[in-house]
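Keep in mind the model is a prediction, meaning the values are calculated, not measured.
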Amino acid sequence: MLTRELLDQTAMKLYDFCQYPAVRHRILQFIGEAPDTERFLQLHEEFLHSDIVEQLYCEQDAQGGWGAFRSKDYSVKKLFPTSQVAIRRCLYLGLTYDDRDILMLANEYLEGVLTGEIPAKCLEKNKRANPWQTAEICELLESIRPNNPLCDRTFAEWNYIARCAYQDGQYSYERDCAAQHEVFLTREARLVPMQPGLLLKRRTELGEKIEEAMLCHLGESAYHNGYFWAECPEILPEEFVGRKTRRWFHAFNFINQFQGGSRYLSHVVKWLLQNQNERGLWDYGSQVKDPWGYFGNFSTNRKYTHNRVVDCTMEILSFLYQYLENNPPSEG
């Protein structure tokens with residue numbers, strides 16, 4: 001069984017394996033080390049001036065973003081193809097609001113996009129696109145600084161839609177459709193996808209019953225069909241290294257955001273623990289080439305086995321710590 005003690009011990013194995021300050025700093029955040037210890041303070045300063053943070057700092061533009069919010073310009077080769085990608089990378093690395101002002105400026109950028117002061121190209125040109133993109137912006141704002149008042153209206157809209165759609169503990173397309181037509185003034189049969197990422201940022205306002213119903217509906221779908229990636233297997237292979245292993249984590253991470261997701265993920269956790277290498281770490285293998293996950297890595301070069309091990313282990317540690325937070329051992 002996965003316990004906090006076991007997970008902290010695994011995290012410290014990576015700490016000993018990798019000397020890179022950004023990796024060690026993130027591990028100390030994972031294990032909950034106090035931010036005023038000498039070790040944390042030293043690593044924090046080294047982390048803020050590491051190459052992966054320097055990249056984000058140098059590429060950030062005057063508006064606080066990294067180009068277009070969501071739509072990638074394929075004619076331009078950029079380190080960070082969209083602002084959304086760059087901000088998610090900041091959060092994944094463990095940057096906070098006050099670290100070199102990167103996320104502070106990003107927060108101002110997102111607020112500007114939300115209020116219309118900063119133009120943001122929309123991926124689609126239809127009535128479904130605007131509420132979808134607005135929810136994504138608010139989710140990032142809530143990730144940077146919780147309870148942003150600019151997100152109150154958007155959260156309230158989606159909270160109302162979720163309560164209508166799951167009011168009896170079961171999802172109803174008809175109720176979802178009616179609520180979206182009422183809120184967004186649309187008449188399309190094709191709905192805007194539910195926005196659990198935003199709703200779970202204020203889960204106490206959402207309520208346990210609605211979250212449970214969403215998990216049973218959306219988590220069940222992700223479990224059987226994958227999320228952003230088809231063929232996520234119900235029965236995992238014995239060997240961890242495989243051509244599609246990296247991509248399955250889109251489904252795993254989607255389910256993992258819900259409390260009680262262990263009903264679909266306990267076998268994943270067991271599979272991960274059984275597939276640690278001789279050092280107690282993980283390596284996806286040389287087959288990994290996935291642009292979706294590239295900008296979430298801690299290394300700037302995935303060519304070498306050492307970097308693959310670091311990137312893979314950090315992603316799995318992030319998954320496992322989130323899993324423990326939402327599924328305490330007594331409930332798992």
Side-chain angles (χ1 to χ4, degrees), residues 1-14 27 30-31 92 166 169-171 193-194 196-197 199-200 203 208-288 290 292-293 296-297 308-332:
M1 181 178 70
L2 181 67
T3 63
R4 181 64 189 239
E5 181 181 12
L6 175 62
L7 188 52
D8 287 350
Q9 291 174 355
T10 303
M12 291 309 295
K13 290 178 182 179
L14 180 61
I27 291 170
F30 281 149
I31 67 174
Y92 181 74
Y166 296 99
Q170 299 290 329
Y171 175 73
M194 193 63 67
L199 289 168
L200 293 173
R203 61 174 12 113
E208 293 181 5
K209 291 184 178 179
I210 301 297
E211 181 175 352
E212 169 77 8
M214 291 177 69
L215 168 63
C216 292
H217 173 63
L218 299 174
E220 181 80 18
S221 175
Y223 177 72
H224 288 293
N225 303 314
Y227 191 76
F228 294 138
W229 183 252
E231 301 176 22
C232 186
E234 296 179 33
I235 300 176
L236 293 162
E238 291 186 10
E239 293 296 325
F240 176 75
V241 176
R243 186 168 59 89
K244 297 178 181 178
T245 303
R246 170 64 183 83
R247 302 186 181 190
W248 296 338
F249 271 78
H250 291 282
F252 300 158
N253 286 323
F254 177 78
I255 300 171
N256 203 34
Q257 65 187 320
F258 295 97
Q259 291 182 343
S262 59
R263 70 179 66 184
Y264 303 116
L265 295 173
S266 59
H267 69 302
V268 174
V269 172
K270 181 178 180 181
W271 178 66
L272 291 173
L273 295 178
Q274 289 174 341
N275 278 275
Q276 293 169 276
N277 64 18
E278 65 278 1
R279 294 178 177 268
L281 307 175
W282 291 272
D283 181 2
Y284 285 126
S286 58
Q287 88 287 352
V288 177
D290 188 351
W292 289 347
N297 296 324
R308 286 204 323 264
V309 170
V310 171
D311 290 336
C312 179
T313 303
M314 287 299 294
E315 179 165 15
I316 293 172
L317 286 175
S318 179
F319 168 81
L320 291 176
Y321 275 104
Q322 182 67 47
Y323 177 86
L324 268 187
E325 181 177 340
N326 286 336
N327 304 276
S330 60
E331 300 177 10

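Heavy atoms from other residues, nucleotides or ligands lying under 6.0 Å from CD of E220 number more than 12. Sparse packing is recorded around CD of E239, with 12 or fewer heavy atoms of other residues, nucleotides or ligands lying under 6.0 Å away.
Remark: E211 pairs with R203 by the side chain to side chain donor-acceptor pair (under 3.5 Å) rule, at least two apart or across chains. By the side chain to side chain donor-acceptor pair (under 3.5 Å) test, N275 pairs with no residue at all, sequence neighbours left out. Residues forming a side chain to side chain donor-acceptor pair (under 3.5 Å) with N225 (at least two apart in sequence, or on another chain): none. Contacts of C232 classified as side chain to side chain contact (heavy atoms under 4.5 Å, CB included), with partners at least two apart in sequence or in another chain: W248, A251, F252. Partners of H267 by side chain to side chain donor-acceptor pair (under 3.5 Å), not counting sequence neighbours: none found. Annotation: ring-ring contact (aromatic ring centres under 6.0 Å, His included) contacts of Y166 (sequence neighbours excluded): Y171, H217. In this structure, the side chain to side chain contact (heavy atoms under 4.5 Å, CB included) partners of Q257, at least two apart in sequence or on a different chain, are P196, L200, F254. Q9 pairs by the side chain to side chain contact (heavy atoms under 4.5 Å, CB included) definition with E5, L6, not counting sequence neighbours. For Y264, the ring-ring contact (aromatic ring centres under 6.0 Å, His included) test picks out Y223, with sequence neighbours left out.
Sequence neighbours left out, the pairs with a member in residues 252-281 that pass salt bridge (Lys or Arg N to Asp or Glu O under 4.0 Å) are E212-R263. The salt bridge (Lys or Arg N to Asp or Glu O under 4.0 Å) contacts involving residues 317-330 comprise nothing, where partners must be two or more places apart or lie in separate chains.
Side-chain atoms of W271 do not come within 3.5 Å of backbone N or O of I235 as any donor-acceptor pair. Formation of a donor-acceptor pair under 3.5 Å by the T245 side chain with backbone atoms of V241 is not found in this model. Under the 3.5 Å distance criterion, the side-chain polar atoms of N256 are left unmatched by any main-chain donor or acceptor of G261. At distances below 3.5 Å, not a single donor-acceptor pair connects side-chain atoms of D283 with backbone N or O atoms of C312.
A side chain to side chain contact (heavy atoms under 4.5 Å, CB included) with L317 holds for exactly one of L281, L14, I31; it is L14.
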Discussion item. Let's go through I316 and F240 carefully: what are the C-alpha distance in whole Å and the side-chain angles of both, what is the deciding distance for side-chain contact (heavy atoms from CB on, under 4.5 Å) to 0.1 Å, and is it a yes or a no?
Written reply: CA-CA 12 Å; I316 293 172; F240 176 75; 3.7 Å; yes
